[in-house]
Amino acid sequence: MSTEQTVSGNFLRTIIDDDLASGRHAGIVTRFPPEPNGYLHIGHAKSICLNFGLAQQSGGRCHLRFDDTNPAKEEVEYIESIKESVRWLGFDWGTHLYYASDNFEQLYQWAEYLIQQGKAYVEELSAEEIRNHRGTLTEPGTESSSRNRPITESLDLFRRMRGDDFPDGARVLRARIDMASPNMNLRDPVLYRIIHAPHPHVGDAWRIYPMYDFAHGQSDAMEGITHSICTLEFEDHKPLYDWFLDNLPVPCKPRQYEFARLNLTYTVMSKRKLHELVNSGTVSGWDDPRMPTLVGIRRRGFTPEAVRAFCERIGVGRSDSWIDVSILEECVREDLNERAPRALAVLRPLKLVIDNYPESQVEEFEAANHPQKPEMGSRTVAFSREIFIEQDDFEETPPKGFFRMTPGTEVRLRYAYIVRCTGVIKDEQGRAIEVHCEYDPASRGGSAADGRKIKGTIHWVSASHSIDAEVRLFDRLFSDPNPDRGGADYRQFLNHDSIEILPAAKLELGLASADSRQRLQFERLGYFRPDPRDSAPGKPVFNRIVTLKDAWTKK
RNA sequence: UGGGGUAUAGCCAAACGGUAAGGCAACGGCCUCUGACGCCGUCAUCUCUUGGUUCGAAUCCAGGUACCCCAGCCA
């Protein structure tokens with residue numbers, strides 16, 4: 001059934017396979033149920049890949065359902081962005097797009113049904129009073145006098161709640177379960193509250209809105225969901241989830257299963273904190289390339305393939321886990337190494353003059369677009385007497401093991417010639433501003449005529465055959481692996497060097513017309529792509545997606 | 001302190017009573033016109049801990065310990 005890639009089993013896969021094998025279910029139906037109150041992030045990607053992936057692998061289907069039960073926090077903007085991000089990740093819900101709000105009438109009827117059964121009642125205590133009645137983790141709650149209100153009275157009150165007879169907060173509908181339950185969720189949870197706010201999907205049709213607990217399971221049931229997969233913190237809600245399904249005439253009984261949410265190092269994932277980063281101007285927006293949002297990593301240049309590979313690689317379990325962000329970066333490298341054409345670019349230019357090269361001469365060298373993939377073709381790059389090399393590739397007094405350019409030794413200019421450094425010109429501060437060298441005319445193309453081995457190869461760009469471009473380098477948003485650690489203010493761990501803008505990098509000519517759909521490897525530097533928002537025709541602004549692995553600077 | 005969870009290598013994660021998969025990282029080596037890529041090798045006598053059952057335990061039982069979640073009219 002599945003392809004050659006052996007997907008290692010996880011506990012959810014096992015449950016589904018068993019259910020299929022035992023005939024408990026003829027087909028699998030899952031759902032991804034975001035609340036449209038913010039943008040999706042990499043943690044959601046894990047859930048999306050899980051839900052859609054599990055359904056896909058078992059020939060079932062996965063629904064996209066908006067859990068839009070709280071109009072005070074939800075917006076159309078988020079609905080659209082979420083749809084866009086799920087599609088970008090590569091998943092298709094087909095015709096199965098749902099909104100919990102489309103079920104409001106049925107949910108309302110079911111709420112009346114519970115009242116009639118004596119299993120729900122209208123409460124007039126304030127939020128604070130309800131809290132005080134709830135008890136604590138170790139002490140049982142106390143029943144409110146509303147609990148024994150006659151059914152007809154609750155029914156009348158509930159209908160008046162719907163009919164807009166009360167202001168926000170004046171009444172709620174509660175389930176009548178057990179104020180002494182050790183599970184706080186069962187201490188007569190609130191089912192409906194009054195909110196006077198326009199709803200992003202159903203407009204002003206309602207004044208009362210169901211709580212998550214009253215909407216989620218029933219919506220699952222109405223959609224015929226077989227496996228309702230959510231994160232661990234909802235485990236305590238499962239008895240409530242089941243209570244509704246057992247006490248209401250629902251068409252089927254989905255089962256809830258929980259998995260551990262994704263935690264990524266050097267970032268934050270809570271919607272509240274992401275909102276704060278955006279609203280405080282710490283980042284430029286939800287799609288800032290440093291953000292863990294899907295719109296952010298998309299703009300940065302990560303591919304959906306890489307994100308999916310990441311979700312596959314990290315696995316699924318029930319123990320709290322912290323995934324190192326370098327695993328995500330490695331997935332991006334693996335994907336881009338295969339498909340990104342190579343190019344030459346110098347980020348921090350240092351002029352190199354080849355003294356014995358004819359003043360006005362220009363040569364063209366052939367450069368492979370991918371060293372392992374001749375089918376990706378080649379291009380020509382212009383070479384002349386004055387070129388730019390990377391500042392990091394020159395050291396007047398090199399550390400041990402350095403085999404780039406240094407006075408007296410030879411180095412290869414990729415695809416061009418072998419040169420020997422003859423000297424350096426420095427400014428008053430002692431910084432190299434111009435390096436001089438002589439080339440070996442017999443090494444045209446980069447290979448020595450006598451077969452001598454040249455250890456170092458550096459990249460370059462011809463001074464008069466290059467364009468200037470802005471290049472943006474991104475680093476982790478936080479300097480601590482876990483900015484949430486110990487309840488401290490995560491903002492104190494902000495990495496103030498998380499973005500570096502290089503205003504005048506030198507790029508080989510062909511890059512002037514680079515399109516934001518292209519992702520390139522700048523040889524020896526990393527993977528880059530033109531920023532889709534800030535690039536202009538003929539004037540790209542490049543984002544560094546991720547660096548190349550570097551065994552040298554690591555030492 | 002009530003309830004619900006989780007503990008297998010630096011980070012994830014398999015193993016379902018039969019003798020600790022795999023990935024990432026790390027380390028050593030090879031290759032190399034990208035210090036990239038690729039390739040080869042090394043990497044848990046042991047599964048939080050203490051006892052017990054068993055011919056045999058990461059798996060079963062009992063007791064500890066640590067960490068996470070729950071007292072929203074959020075999801």
Side-chain angles (χ1 to χ4, degrees), chain A residues 6 8-11 14 33-35 37 67-70 72-74 123 125-128 130-132 134-141 168-174 181-187 189-195 209 211-213 215-216 230-239 258 260 265 271-272 312-324 326-327 330-331 333-334 337-338 342 344 367-368 370-372 401-404 412-416 418 443 445-448 453-459 521-526 547-555:
Chain A
T6 49
S8 150
N10 63 56
F11 74 102
T14 305
E35 182 190 15
N37 66 346
D67 248 348
D68 52 353
T69 57
N70 185 356
K73 293 185 174 176
E74 298 155 8
E123 174 67 84
L125 253 32
S126 69
E128 191 186 345
I130 289 179
R131 193 185 323 126
N132 293 335
R134 189 149 29 223
T136 68
L137 295 177
T138 53
E139 297 161 322
D168 284 9
R171 299 281 190 287
V172 292
L173 182 71
R174 303 178 75 176
S181 172
N183 181 339
M184 301 295 285
N185 296 119
L186 264 22
R187 322 248 261 227
V190 171
L191 268 34
Y192 269 90
R193 73 291 215 195
I194 300 168
I195 301 175
Y209 292 91
M211 297 286 289
Y212 161 85
D213 287 303
H216 198 90
C230 60
T231 43
L232 251 23
E233 67 270 25
F234 289 99
E235 184 143 37
D236 285 345
H237 293 246
K238 185 150 58 181
E258 311 83 20
T265 56
K271 281 185 182 172
R272 193 199 101 220
E312 186 62 48
R313 182 168 297 182
I314 59 179
V316 188
R318 287 177 59 87
S319 57
D320 294 316
S321 57
W322 280 90
I323 306 293
D324 198 292
S326 65
I327 292 180
E330 185 55 21
C331 287
R333 287 189 193 101
E334 284 178 18
N337 177 48
E338 291 296 314
R342 315 284 125 127
L344 296 181
H370 189 121
Q372 280 83 40
F402 187 83
F403 47 84
R404 278 113 95 146
R412 172 165 39 235
L413 297 174
R414 170 137 251 225
Y415 296 123
I418 294 168
S443 65
S447 303
K453 294 290 182 206
I454 303 299
K455 185 70 173 164
T457 298
I458 63 176
H459 59 278
Q521 184 197 96
F522 289 174
E523 294 205 35
R524 303 211 306 133
L525 297 172
T547 62
L548 248 33
K549 268 199 269 191
D550 184 353
W552 166 245
T553 53
K554 221 165 64 176
K555 285 182 183 176

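These numbers come from the heavy atoms of this one structure, side chains and all, not from hydrogens, waters or symmetry mates. Here is how names work: the chains are called A, B, and so on, in the same order as the sequence lines, proteins then strands, and each is numbered from 1.
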Could you check whether any side-chain N or O of A:R313 sits under 3.5 Å from a backbone N or O of A:I327, counting only pairs where one atom can act as donor and the other as acceptor?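 No; judged by distance alone, with no hydrogens or angles, the pair does not exist.
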
Can a donor-acceptor pair be found, under 3.5 Å and without considering hydrogens, that links the side chain of A:E35 to the backbone of A:N37?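 Looks like no, no N/O pair under 3.5 Å.
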
Hey, which sits more toward the 5' end of RNA chain B by its nearest nucleotide, A:N185 or A:D68?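 Its nucleotide being nearer the 5' end, the pick is A:N185.
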
Could you check A:S443 against A:L125 and say which one's nearest nucleotide on RNA chain B is further toward the 5' end?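 Looking at the nearest nucleotide for each, A:S443 comes out on the 5' side.
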
Nearest-neighbour nucleotide for the [X] side chain, [options] considered:
X: A:D236; options: B:C16, B:C24, B:G3; answer: B:G3
X: A:Q372; options: B:C24, B:C37, B:G5; answer: B:C37
X: A:F403; options: B:C24, B:G35, B:U34; answer: B:G35
X: A:E523; options: B:C74, B:C24, B:U34; answer: B:U34
X: A:S321; options: B:C74, B:A13, B:A25; answer: B:A13
X: A:T138; options: B:A75, B:G35, B:U1; answer: B:U1
X: A:I314; options: B:C74, B:U32, B:C12; answer: B:C12
X: A:L232; options: B:C74, B:G5, B:G2; answer: B:G5
X: A:W322; options: B:C24, B:G4, B:C12; answer: B:C12
X: A:R131; options: B:G4, B:G2, B:G72; answer: B:G72

With side chains defined as the heavy atoms from C-beta onward, is the minimum distance between [X] and [Y] less than 4.5 Å?
X: A:L548; Y: A:E523; answer: no
X: A:P33; Y: A:H216; answer: yes
X: A:R414; Y: A:I458; answer: no

Which value, in whole Å, describes the distance between the [atom1] atoms of nucleotides [N] and [M]?
N: B:C37; M: B:A21; atom1: P; result: 27 Å
N: B:C24; M: B:G17; atom1: C1'; result: 31 Å
N: B:A58; M: B:A20; atom1: C1'; result: 8 Å
N: B:C11; M: B:U49; atom1: P; result: 15 Å
N: B:G28; M: B:G18; atom1: C1'; result: 35 Å

Whether [X] contacts [N] is assessed here as follows: a side-chain N or O lying under 4.0 Å from the phosphate OP1 or OP2. Is that the case?
X: A:R318; N: B:A7; value: no
X: A:R134; N: B:C73; value: yes
X: A:S319; N: B:G5; value: no
X: A:R193; N: B:A75; value: yes
X: A:K271; N: B:A75; value: no

Dot-bracket summary - RNA chain B, pairs being Watson-Crick or G-U whose distances fall under 3.5 Å, with | when paired to another strand: .((((((..(((.....[...))).(((((.......))))).....(((((..]....))))))))))).....

When we call it a touch if two heavy atoms are under 4.0 Å apart, what does [X] touch: a base, just sugar-phosphate, or nothing?
X: A:K238; value: nothing
X: A:G169; value: base
X: A:T136; value: base
X: A:P371; value: base
X: A:R342; value: base
X: A:Q521; value: base
X: A:I130; value: base
X: A:R187; value: nothing
X: A:S326; value: nothing
X: A:R414; value: base
X: A:L548; value: base
X: A:V172; value: base
X: A:T69; value: sugar-phosphate
X: A:Y192; value: nothing

Interatomic distance, [X] [atom1] vs [N] [atom2] [rounded to whole Å]:
X: A:K73; N: B:G72; atom1: NZ; atom2: C1'; value: 8 Å
X: A:E128; N: B:A71; atom1: CD; atom2: P; value: 16 Å
X: A:L344; N: B:A36; atom1: CG; atom2: P; value: 18 Å
X: A:M184; N: B:G5; atom1: CE; atom2: C1'; value: 17 Å
X: A:L137; N: B:C69; atom1: CG; atom2: P; value: 12 Å
X: A:H237; N: B:C69; atom1: NE2; atom2: C1'; value: 9 Å
X: A:N337; N: B:G38; atom1: CG; atom2: P; value: 6 Å
X: A:R412; N: B:U34; atom1: CZ; atom2: C1'; value: 11 Å

Do we count A:W552 as stacking onto B:G35 if the rule is ring centres under 5.5 Å and planes under 30°?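 Stacking is present between B:G35 and A:W552, given that their ring centres fall under 5.5 Å apart and the planes under 30°.
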
For B:G72, is chi within 90° of 0 (syn) or not (anti)?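 The base of B:G72 is oriented syn (glycosidic angle within 90° of 0).
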
Do [X] and [Y] have side-chain N/O donor and acceptor atoms under 3.5 Å apart?
X: A:H459; Y: A:R524; answer: yes
X: A:T231; Y: A:E233; answer: yes
X: A:S326; Y: A:D324; answer: yes

Test salt bridge (charged side-chain N to carboxylate O under 4.0 Å, His left out) applied to A:R131 - qualifying residues, sequence neighbours left out: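 Scan of A:R131 (salt bridge (charged side-chain N to carboxylate O under 4.0 Å, His left out), adjacent residues dropped) gives none.
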
Looking only at heavy atoms, what is the nearest atom pair of A:R193 and A:T69, with distance?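 Closest heavy-atom pair between A:R193 and A:T69: NH1-O, 3.2 Å.
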
With salt bridge (charged side-chain N to carboxylate O under 4.0 Å, His left out) as the criterion, how do A:E123 and A:R174 come out once you've worked through the C-alpha distance, each side chain's angles and the decisive distance to 0.1 Å? CA-CA 7 Å; A:E123 174 67 84; A:R174 303 178 75 176; 2.8 Å; yes

Between the base of [N] and the side chain of [X], is there a donor-acceptor distance below 3.5 Å?
X: A:H459; N: B:A36; result: no
X: A:R404; N: B:G35; result: yes
X: A:N183; N: B:G4; result: no

Do NZ/NE/NH1/NH2 and the carboxylate oxygens of A:R318 and A:E258 come within less than 4.0 Å?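 Looking at A:R318 and A:E258, the cut-off is met.
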
